[in-house]
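Values below: all heavy atoms of this structure, side chains included; hydrogens, waters and symmetry mates excluded. Order of appearance sets the numbers: ligands from 1, and atoms from 1 within every ligand.
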Amino acid sequence: MIIGRNSPCWCGSGKKYKVCHMDFDDRINEYRRRGHKVPGHELIKTPEQIEGIKKSAVINMACLDYIGEHIRAGISTQEIDNWVSRITKEMGGIPATLNYEGFPKSVCTSINSQVCHGIPSDADILMDGDIINCDCSTILDGYYSDSSRMFIIGNVDDKTRQFVEDVHEAVRVGLNAVKPWRFLGDMGSAVNEFCRSKGYSVVREIGGHGVGLDFHEEPWVSYVSKPGTEMLMVPGLCFTIEPMVNMGNADIFIDADNDWTVYTDDDSLSAQWEVQLVVTEDGYELLSW
Ligand code: MF3
Ligand code: CO
């Protein structure tokens, strides 16, 4: 669509197009002409939308903080679901996973060799030496936040503790590669190189995603991608960095009974941390972590 130079900008700022996003669009179109994947206007968040996402993230992070303070050996993962459900509702939000494509709970709880989408249950009791990812996502006033953290239960051996820390570092390595007018593949390859250098492998089939006005928006975000490929990162683009990293090989399978929970094929441990960010003029701003 052609917008007149003096027409109001598509971003809703009320400014004329020529003094608002015209140069921005020209720059994006240059990349499009060269054959790159570029974001459409619908993926560029306005300052008002970013504020909405941040308010949603306050609830998201309150849930994760509470889990961190109360998680321990002997509790069930259903108890974690109860906490997230209660806190989210008390703070006025809606758990985004609940009934999402049939997912039955308010949080994903993935223990040890579970890669992601673990379903909270009374039958799953945390034990000393376990590692667990709790993946929390919240809707507030239509705005989505999404982040996850690892928790260590009791006494975990040094190798496992180091693994969990390294996977957290992998997210920071990815964040350092988030710059406007660079590519998602620059970030994904940085994550993959780092994980491989530690002897781990990154899951290929499941990645991150755009998020904000919907739970899963474009782009799909790989952490095994190549530099200079995948979508162009531009200010206002909002997505997650959430690599799933296995101590053994990268292969996975899905639980045939519940059709949700993903496991490592070789039964090795898997860890994941997730942050949600928006690309800014000089890098990124974290929205949920
Ligand atoms: N936070 C996870 C993600 O970003 C949640 C998946 S949706 C679920 O993909 F319903 F499967 F849990
Ligand atoms: Co996510």
#### Entry: Intermediate values then yes/no, ring-ring contact (aromatic ring centres under 6.0 Å, His included), Tyr100 and His216
CA-CA 11 Å; Tyr100 175 79; His216 295 118; 5.2 Å; yes
### Message
Working note: Arg149 + Asp65, criterion salt bridge (Lys or Arg N to Asp or Glu O under 4.0 Å); need CA distance, chi angles, decisive distance, verdict.
### Response
CA-CA 10 Å; Arg149 300 179 196 163; Asp65 288 347; 2.8 Å; yes
### Task
Could you please spell out the steps behind the side chain to side chain donor-acceptor pair (under 3.5 Å) verdict for Asn60 and Thr138?
CA-CA 6 Å; Asn60 201 252; Thr138 308; 3.0 Å; yes
### Query
Please walk me through it: do Asn133 and Ser148 pass side chain to side chain donor-acceptor pair (under 3.5 Å)?
CA-CA 7 Å; Asn133 171 277; Ser148 82; 3.0 Å; yes
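Protein heavy atom closest to atom 11 (F) of ligand 1, with residue, atom name and distance, is Trp260 CZ3, 2.8 Å. The protein non-hydrogen atom at the shortest distance from atom 3 (C) of ligand 1 is His216 NE2, 3.5 Å. Ranking protein heavy atoms by distance to atom 6 (C) of ligand 1, first place goes to His117 NE2, 3.4 Å.
Checking only distances, Tyr100 never comes within under 3.5 Å of ligand 1, N or O to N or O. Considering backbone and side-chain atoms alike, Ser137 places every N or O at 3.5 Å or more from each N or O of ligand 1. Among the atoms of Asp135, some N or O lies under 3.5 angstrom from an N or O of ligand 1. The distance criterion of under 3.5 Å between nitrogen or oxygen atoms is not met by Thr97 with respect to ligand 1.
With 2.8 Å as the limit, Asp135 does not count as an N, O or S neighbour of the Co ion (ligand 2). At least one N, O or S atom of His209 sits under 2.8 Å from the Co ion (ligand 2).
Between atom 12 (F) of ligand 1 and the options Ala96, Cys136, Cys108, the minimum heavy-atom separation is to Cys108.
When the Co ion (ligand 2) is compared with the N/O/S atoms of Asp146, atom OD2 turns out nearest. The N, O or S atom of Glu242 lying closest to the Co ion (ligand 2) is OE2. Among heteroatoms of the N, O or S kind in Glu274, OE2 lies nearest the Co ion (ligand 2).
Counting only N and O atoms by type, the side chains of Ser76 and Gln78 include no donor and acceptor under 3.5 Å apart. Checking His117 against Asp255 by side-chain atom types alone, no donor-acceptor pair falls below 3.5 Å.
Ring orientation note: the planes of Tyr66 and Trp83 are nearly perpendicular, at an angle over 60° on the 30°/60° scale.
In this structure, Glu101 falls outside the shell of residues with a heavy atom less than 4.0 angstrom from ligand 1. Under the 4.0 angstrom criterion for non-hydrogen atoms, Lys105 is not in contact with ligand 1.
Evaluated for a side chain to side chain contact (heavy atoms under 4.5 Å, CB included) with Asp81, the options Pro95, Pro104, Pro120 yield exactly one hit, Pro120.
Atoms of ligand 1 found under 4.0 Å from any heavy atom of Glu242, numbered from 1 in the order shown, are 4 (O). For ligand 1, the atoms closer than 4.0 angstrom to any heavy atom of His209 are 3 (C), 4 (O). Within ligand 1, counting atoms from 1 as listed, the ones closer than 4.0 Å to a heavy atom of Phe215 are 5 (C), 7 (S). Counting the atoms of ligand 1 from 1 in the order shown, those under 4.0 Å from a heavy atom of Asp146 are 1 (N), 3 (C), 4 (O).
Within a 6.0 Å radius of CG in Asp158, other residues, nucleotides and ligands contribute 12 heavy atoms or fewer. Under a cut-off of 6.0 angstrom, the local environment of CG in Asn155 is sparse, with at most 12 non-hydrogen atoms contributed by other residues, nucleotides or ligands.
Ile152 has its side chain within reach of Ile131: a pair of non-hydrogen atoms, C-beta onward, lies under 4.5 Å apart.
The side-chain tip of Arg34 points at the ring of Tyr31 from less than 6.0 angstrom away and within 45° of straight on.
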